[in-house]
There are 2 protein chains.
Amino acid sequence: MYNVSEKVNLVDIAGRAGVSLSTASRALNNAYGVSAATRTRVLAVAEELSYVVSPEASRLAGGSTGRVAVVVPHISRWFFGEMLAGLEEVLRSADLDLLLYNIDTLDHRRHFFERLPARRKVDAVVVLAFPVDEQERKRLELMGVAIVAAGGQSASYPFVCIDDHIAGRQAMDHLLFLGHRRIAMIAAETPLAPGWPKTNQRSAGYYSALEEAGIAPDESLVRTVDWGGEEGAKAMGGLLSLKDPPTAVYAHSDEVALGAIRTIRRAGLRIPEDISVIGIDDHPAGALADLTTVHQSVREQGAIAGRTVLAALKHEEFDPAIIVPTELIIRSTTAPPRRRGVL
Amino acid sequence: MYNVSEKVNLVDIAGRAGVSLSTASRALNNAYGVSAATRTRVLAVAEELSYVVSPEASRLAGGSTGRVAVVVPHISRWFFGEMLAGLEEVLRSADLDLLLYNIDTLDHRRHFFERLPARRKVDAVVVLAFPVDEQERKRLELMGVAIVAAGGQSASYPFVCIDDHIAGRQAMDHLLFLGHRRIAMIAAETPLAPGWPKTNQRSAGYYSALEEAGIAPDESLVRTVDWGGEEGAKAMGGLLSLKDPPTAVYAHSDEVALGAIRTIRRAGLRIPEDISVIGIDDHPAGALADLTTVHQSVREQGAIAGRTVLAALKHEEFDPAIIVPTELIIRSTTAPPRRRGVL
DNA sequence: CTGTTAGCGCCTTCAG
DNA sequence: CTGAAGGCGCTAACAG
């Protein structure tokens, strides 16, 4: 098999350029103390031989790893993939490599924090959208590298996320504005993050909106489910079996909302005529279902997290708590409620 | 900052265990020639000091990198995320790290193949669901490592994928069986992979099914769009503006089908009464929309690709061409056509 | 079975 | 501005 890279080392290019090893090294790393002429020559030779440093050797001799670990739950979900895309883009632009660790079960999660497979392999780790507990935090710090969180607040690390309370309010206020008073909430909670502030805050938005509107919360209208469309569908079934069903449903996420919609349609009811539905996230599948929702720029959050990492690595200043704005997107799953008698 | 790992090296554990450096090394790598007693002792010390090898040093001294690069277009799409999840899981179980390269534009793609950022950094690269051209193949081989493809056939590398022709036939045969004769196709093509066998084969399934049913293809019923729901929605608009619209639509993917559904609904038509819709993939959003589709196990394909990588790295035998079966999933977007006059 | 000895490829003082 | 020399932490022959 034809293979160049295995053979071309710094010595080679040094020899070919007629300089010493160290000069070649300096030139490549554009360090001080190399004449422009020499540098150009070295660079040319390197280019010609298509040389690339051995990251291993470089690192061993005192450099950084040039890698960052990204820990993400459920990589196949749009939200995380999108965030990862934003993150990857800025890391790549800085020539950093991304080591991916998917943590989609409690077992994998434990494994990750106990074994710390990324130890000694990265310059930083970013935790995507799930809360690390106290113990995990300690393990992480054993790695002795920069840590940043994205997609959720963190007490311990710099983070970037949306304000879930506000997002919840935007959804609820829209429903309230339309005239709904009997509004259900399907709260989503992932087993990986029970009690994660995200879900709580989205719930808090529900309660505070109701209170402000002078409506007493009815706990029979509140369902908490494991994150996901199928779960949302099930919860909606429960809601529809109430003697006095809601005229509108606020779901913590678009996936959950989509599940609810399926149940409503299967029940022969129409949206939004009979029941309004709103979600949060602005998931592309939601757009395809004409779902009213609250938009958040997920990819941008990933990118910001990436920039935070870069700043941290360069020991530059950075904002340790960035909140990205959200925005109501009205599509066609919400409308004013019909009179009760008409239904 | 408290930090253990930076300090504990092989020498330390060797000294603490009262053995030489090389013995310690052997013990840790469970190589031949170490008494059980010694090994146990070394391992114990290593555990106690929570030692981890420096991958850089290890690699430099002759080992492998313990990393594999994964090149994926559009990481935020369910299909790729799912595949990645399967892949990550098996790689992780083999203690291999996954270096992620997202290639979502032509520019990034060119950048990747020209600069080969993964050069000298990995033991293998897996190309996820996009075709590498001849030139790219040459660049890739410069890396001198194992290469495997997943999610699409490859002439040059071992691969795992579904049979797109069969998948297309399963969708079409279902429609035909229901009695449809005027069937539209919305073909999806990603700019990243024009002419990628996948799309072609899914199209081939359309034509071969029609032919076998004795139906002359009507090119006005065939639309080719860039991959994605919004594009599918647009194409459906064109189809509905025909003097004689189709009674059923076969979309190359669930996303495209979902887009088509939105357009049909917005036009005030009902599914499946007025028009049937079928997709391919079994995307979770499709399930939430009760979309009839052809299922493929994406995660499993990723896992198989992972196992193929492992086998290749161990120089074991492996099947260089694995086809994963697909299966028709009937939900509620397909039904027999109504009589024309009734519409 | 175990210890000694060379490097792996590069960066970084240190002299010139 | 440049070259020589000493590791970085580990593995892989070699000897014992």
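The sequence lines fix the lettering, A, B, ..., with proteins before strands; numbering per chain opens at 1. Quantities reported herein were computed from a predicted structural model and do not represent experimental measurements.
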* Structure fact -> Which of B/F79, B/F80, B/F130 passes side chain to side chain contact (heavy atoms under 4.5 Å, CB included) with B/V72? It is B/F80
* To do: Look at the side-chain N and O atoms of A/R59 and state whether any lies under 4.0 Å from the OP1 or OP2 oxygen of D/dC10.
  => no
* **N/O (side chain, B/N9) to phosphate O (OP1/OP2, D/dC8) under 4.0 Å** => no
* Out of C/dC11, D/dG3, D/dG9, whichever nucleotide has its closest atom nearest the side chain of A/S58 -> C/dC11
* **Phosphate OP1/OP2 of C/dG9 contacted by A/Y51 side-chain N/O (<4.0 Å)** => no
* Structure fact -> Considering only heavy side-chain atoms of A/V19, the closest of D/dT11, D/dG3, D/dC8 is D/dG3
* **Donor + acceptor pair across side chains of A/S25, A/S22 (<3.5 Å)** => no
* **Atom-pair distance (CG on B/L60; C1' on C/dG7), nearest Å** => 9 Å
* To do: Measure from CD on B/E56 to P on C/dG7 and round the result to the nearest Å.
  => 23 Å
* Asked: Which of these nucleotides, D/dG3, D/dC1, C/dC10, is closest to any side-chain atom of A/S20?
  -> D/dG3
* Asked: More than 12 foreign heavy atoms under 6.0 Å from CD of A/E316: is that the case here?
  -> yes
* **Residue whose closest nucleotide on DNA chain C lies nearer the 5' end, B/A57 versus B/A24** => B/A24
* State whether the distance check finds a donor on one side and an acceptor on the other, under 3.5 Å, for side chain A/S22 versus base D/dA4. => yes
* Quickly work out the A/R41 CZ to D/dC1 P distance and round it to whole Å. => 14 Å
* To do: Consider only side-chain N and O atoms of A/D107 and A/H111, and report whether a donor and an acceptor are under 3.5 Å apart.
  => no
* Any luck finding a side-chain donor-acceptor pair between A/Y101 and B/D97 under 3.5 Å? -> yes
* To do: Report the nucleotide, chosen from C/dC10, D/dT2, D/dC10, that has the shortest atom-to-atom distance to any side-chain atom of A/T23.
  => D/dT2
* To do: Provide, to the nearest angstrom, the distance between the CD1 atom belonging to B/I13 and the C1' atom belonging to D/dG9.
  => 13 Å
* Round to the nearest Å and state the distance from A/L21 atom CG to C/dT12 atom P. => 13 Å
* Asked: Which whole-number value in Å describes the distance from B/D12 CG to D/dG9 P?
  -> 9 Å
* Asked: Taking atom P of C/dC10 as reference, at what distance in whole Å does atom CG of A/L10 sit?
  -> 5 Å
* Asked: Taking only N and O in the side chain of A/R120, is any of them less than 4.0 Å away from OP1 or OP2 of D/dC10?
  -> yes
* Would you say D/dC10 has OP1 or OP2 under 4.0 Å from some side-chain N or O of B/S54? -> no
* Taking atom types as they are modelled, is there a donor-acceptor pair under 3.5 Å from the base of D/dG3 to the side chain of A/R26? -> yes
